[in-house]
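A quick write-up on the structure given underneath.
Counting convention: from 1, in listed order, for ligands and their atoms alike.
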Amino acid sequence: MKKILGLVLAVIMMAACFAGCGSKNDDGGSAAGDGNSAEKEKLVMATNAEFPPYEYHEGGEVVGIDAEVAALIADELGMELEIVDVDFDTIVPGVSSGRYDIGMAGMTVTEERLESVNFTTSYATGIQSIIVTEDSPITSVDDLFGDGNYTIGVQTSTTGDIYSTEDIEDAGLGTVNRYNKGADAVQALLAGRIDCVIIDNEPAKAFVEANEGLKILDTEYAVEDYAICYAKDNEELGAKVNEALEKLIADGKVQEVIDKYINAD
Ligand code: GLN
């Protein structure tokens, strides 16, 4: 017992030194006060910060609904949040292999993704919307299934990509052009290289607001649920994250964050 205690003490002292020695303005005794984060377990969240208002860059930081909700979850769990900005199509593989603890990127729960990762309770709804130029001959979703043979822009591996590939390209009704970022698809639309962009409604609104000459069609392509993914073999962490998320939903905290970014006028 003594031995174990000694070992524990040694580890604590090492950790304290670590925290203290690492801080530039070490005043000699505040390791417990301001150096605590070094002892907190990390919660590594993978996202793709090209998806306003859920995640985007501001002042060198990743901000948005997901970043704030994840910070609240990390707080609940006494963990330190680390956000990693990666390509959208690497999030699910990276989470399932254990490189990241969670994936949070306005990510829709789909059957296919459920084969490699688990999802928490849903915390928001997404709608696949269609952006066109103001003078576009496309006036409703149905037009995409007509004989216009349109070229559709999407972000690679998103549900917009998955649905339009299956429903339109594979059916021989049109072509799908895939881009790394939704913003690149929007630029292609503005340049006349594609006929429309299928993307989630909130980023769609942000892109239409930021660029003249674009509009969102009234009809929607699909309605879906956003949730946080975690590795199938990490049910322990997943359950904790889910519990924290459900508490934050019940307390109205998640809605507060969403309102701050979406409904505030
Ligand atoms: N909701 C869409 C999906 O999960 C798009 C997400 C995104 O581009 N960040 O595929």
Side-chain angles (χ1 to χ4, degrees), residues 44-58 61-70 83-96 100 102-131 141 152-170 176-189 194 196-210 216-217 220-231 245 254 257-258 261-262:
V44 181
M45 159 189 160
T47 195
N48 174 241
E50 304 290 345
F51 198 73
Y54 283 88
E55 40 268 325
Y56 55 100
H57 292 276
E58 199 174 82
E61 251 186 278
V62 174
V63 298
I65 295 169
D66 288 344
E68 288 203 25
V69 171
I83 299 179
V84 188
D85 183 19
V86 298
D87 283 343
F88 184 77
D89 58 354
T90 65
I91 299 175
V92 167
V95 166
S96 94
Y100 318 119
I102 57 172
M104 202 171 179
M107 188 178 284
T108 306
V109 181
T110 69
E111 290 300 320
E112 196 189 332
R113 291 174 188 159
L114 277 166
E115 283 173 19
S116 36
V117 287
N118 286 347
F119 280 95
T120 60
T121 298
S122 171
Y123 62 91
T125 302
I127 294 169
Q128 291 301 311
S129 297
I130 300 170
I131 309 177
V141 175
I152 298 157
V154 296
Q155 186 186 0
T156 309
S157 291
T158 58
T159 45
D161 180 7
I162 298 164
Y163 303 151
S164 59
T165 300
E166 271 178 28
D167 302 347
I168 298 169
E169 192 168 69
D170 292 353
V176 176
N177 283 7
R178 296 166 190 86
Y179 300 86
N180 261 336
K181 304 176 188 175
D184 293 345
V186 170
Q187 287 312 311
L189 176 64
I194 57 176
C196 69
V197 174
I198 300 184
I199 194 162
D200 302 48
N201 59 328
E202 288 305 330
K205 280 192 228 162
F207 291 137
V208 167
E209 227 163 78
I216 299 171
L217 295 185
E220 48 208 34
Y221 197 106
V223 179
E224 29 189 49
D225 292 323
Y226 292 168
I228 305 170
C229 68
Y230 58 92
L245 174 66
V254 170
V257 173
I258 293 175
Y261 284 90
I262 294 182

*asked:* Taking side chain to side chain contact (heavy atoms under 4.5 Å, CB included) as the criterion, tell me which of Val63, Val62, Val44 meets it with Ile83.
replied: Val62
*Is the distance between the ring centroids of Phe51 and Phe88 under 6.0 Å?*
no
*For Val86 and Tyr100, run side-chain contact (heavy atoms from CB on, under 4.5 Å): C-alpha distance rounded to whole Å, both residues' side-chain angles, the deciding distance at 0.1 Å, then the answer.*
CA-CA 11 Å; Val86 298; Tyr100 318 119; 3.4 Å; yes
*For a side-chain hydrogen bond (donor to acceptor under 3.5 Å, both in side chains) with Gln128, tell me which candidate from Thr108, Thr159, Asn201 qualifies.*
Thr159
*Using the six-membered ring wherever Trp is involved, compare the ring planes of Tyr221 and Tyr163 and label them parallel, tilted or perpendicular (cut-offs 30° and 60°).*
parallel
*Would you please write out the protein residues whose heavy atoms approach any atom of ligand 1 to under 4.0 angstrom, listed by chain and number?*
Phe51, Phe88, Ala105, Gly106, Met107, Thr108, Arg113, Gln155, Thr158, Thr159, Asp200, Glu224, Tyr226
*Side-chain (Asp225) to main-chain (Val109) donor-acceptor, under 3.5 angstrom*: no
